[in-house]
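The model shown is predicted, which means the values in this text are computed figures rather than measured ones. Proteins come first, then strands; the chains are lettered A, B, ... in the order of their sequence lines, and each starts at number 1.
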Protein chains: 2
Amino acid sequence: EKVLIRGISLDENIAKISVLEVPDKPGIAFKLFSSLAGADIHVDMIVQNVTRSAVNDMTFTVAMDELQNAVNIAQEFAFEVDAQKVEYDKGVAKLSVVGTGVVANAEVASKFFEALYEMEINIQMISTSEIKISCIIDKEKGKEAMKYMHKKFDM
Amino acid sequence: EKVLIRGISLDENIAKISVLEVPDKPGIAFKLFSSLAGADIHVDMIVQNVTRSAVNDMTFTVAMDELQNAVNIAQEFAFEVDAQKVEYDKGVAKLSVVGTGVVANAEVASKFFEALYEMEINIQMISTSEIKISCIIDKEKGKEAMKYMHKKFDM
Ligand SMILES: C[C@@H](O)[C@H](N)C(=O)O
Ligand SMILES: C[C@@H](O)[C@H](N)C(=O)O
């Protein structure tokens, strides 16, 4: 698949919220996001990996100014479904590369992850679509990661 | 944010591979994806959630005909980084809704998850971008989920 990198972006105005150990059964994702919708919260990204047990973790990001409300909703939800706890972190940033073929062409994904490795930046979360790879990293390293990424991709 | 649903799609030609309990430190994502790139494997999606320990799970999907090669690479990688194991599953499908505001507007995400709940379909994985929500579900339920989703979104 043809690769065409359109841009590299950094979003520092986000915070992540994780609800840990929710029951991994139908209706749970609906319950959380309908509560967030009911509170008019805008969600930036949602990530959930597979689980090998009866529980799973759900993580989503919101703009900084929505963190308090989102955490309240998440805590109410966690209580209602008997999840283990809610964790949140304002010290994160989302670094993304956008373009056609960025995931299909594993070379691009590899190069993106290589840059973070070279900067010794730990990748906390990964979420992709066909035209975008997004990594959640330490907020303090966001700007330097972005600069380095631009250099690495000759942009 | 204005919502404009462009489409609902089902991809049944995928398999998921998870490398469980990889060290959660810089360089790991790079190592896995450079190996996949080296074997010319096309990656469809990558998902990694946050971890609370020193290890994490990494999941990616590939087209069915690339599964064997991808599993071999994943197993080699797992051995090299001392991960716990590799798991894979051909019985999955990816159901997605594409459009502007599908994630920012939690109502849309909520509706999408609600449809799966109404069909009693468990959501195994969630990955999003600003214009797309993708869920990994049981392959056998893919077609009915797609039909129902079209009805729910009046498409
Ligand atoms: C964890 C959550 O995604 C659950 N599996 C659901 O279907 O709602
Ligand atoms: C798990 C993996 O993403 C690791 N944190 C890395 O940075 O490569």
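- In the hydrophobic clustering, where aliphatic and aromatic side chains (Ile, Leu, Val, Met, Phe, Trp, Tyr) are joined below 4.5 Å either directly or transitively, A:Leu20 stands alone.
- Counting heavy atoms from C-beta outward, B:Asp57 and A:Arg52 have side chains that approach closer than 4.5 Å.
- Of all residues spanning residues 108-117 of chain A, those with a heavy atom less than 4.5 Å away from chain B's heavy atoms are A:Ala109, A:Ser110, A:Phe113, A:Glu114, A:Tyr117, arranged by number.
- B:Ile14 and B:Ile41 fall into different hydrophobic clusters, where Ile, Leu, Val, Met, Phe, Trp and Tyr are joined by side-chain heavy atoms under 4.5 Å apart, directly or via other members.
- Residues A:Leu10 and A:Phe153 share a single hydrophobic cluster, defined by chaining ILVMFWY side chains whose heavy atoms lie under 4.5 Å apart.
- B:Thr128 meets the side chain to side chain contact (heavy atoms under 4.5 Å, CB included) test with A:Met45, A:Ile46, B:Val103, B:Ile126, B:Ile133; sequence neighbours excluded.
- Counting heavy-atom neighbours within 6.0 Å of B:Tyr88 OH, excluding the residue itself, gives a total of 12 or less.
- Rounding to the nearest 0.5 Å gives a distance of 9.0 Å between CD1 of A:Ile131 and NZ of B:Lys132.
- Between chain A and the residues B:Asp89, B:Ile121, B:Asp24, the most heavy-atom pairs under 4.5 angstrom are made by B:Asp24.
- Contacts of B:Met58 with chain A are made by both backbone and side-chain atoms, with heavy-atom separations under 4.5 Å.
- The two residues B:Ala106 and A:Val43 come nearest to each other via the heavy atoms CB-CG2, 4.2 Å.
- Placement of A:Met64 and A:Val62 in two distinct hydrophobic clusters is found when ILVMFWY residues are connected by side-chain heavy-atom separations under 4.5 Å, directly or transitively.
- The candidate with the highest count of non-hydrogen atom pairs below 4.5 Å against chain A, out of B:Ala63, B:Ser127, B:Ala39, B:Ser129, is B:Ser127.
- Under the 3.5 Å distance criterion, the side-chain polar atoms of A:Glu120 are left unmatched by any main-chain donor or acceptor of B:Gly27.
- Interface remark: B:Ser18 contributes side-chain atoms only to the contact with chain A (heavy atom separation under 4.5 Å).
- Looking only at heavy-atom pairs under 4.5 Å with chain B, the residue among A:Ile123, A:Ile136, A:Asn56 that has the most is A:Ile123.
- Within the 4.5 Å cutoff, the side chain of A:Asn49 has heavy atoms near those of the B:Met125 side chain.
- Heavy atoms of A:Glu118 lying under 4.5 Å from chain B are absent altogether.
- Clustering of Ile, Leu, Val, Met, Phe, Trp and Tyr by side-chain heavy atoms under 4.5 Å joins B:Val55 with none of the others.
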Stepwise side-chain contact (heavy atoms from CB on, under 4.5 Å) check, A:Lys16 with B:Val50: CA-CA 10 Å; A:Lys16 71 171 155 84; B:Val50 290; 3.8 Å; yes
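- For chain A, no part of B:Asp40 is nearby; none of its heavy atoms comes within less than 4.5 Å.
- Other residues, nucleotides and ligands contribute over 12 non-hydrogen atoms within 6.0 Å of the CZ atom of A:Phe30.
- Cluster annotation: B:Val3 and B:Val98 are assigned to distinct hydrophobic clusters (Ile/Leu/Val/Met/Phe/Trp/Tyr, side-chain heavy-atom contacts under 4.5 Å, transitive).
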side-chain contact (heavy atoms from CB on, under 4.5 Å) between B:Glu130 and A:Asp44, intermediate numbers included: CA-CA 7 Å; B:Glu130 284 75 2; A:Asp44 171 68; 4.1 Å; yes
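- Hydrophobic clustering (ILVMFWY, side-chain heavy atoms < 4.5 Å, transitive): B:Val47 and B:Leu95 are in distinct clusters.
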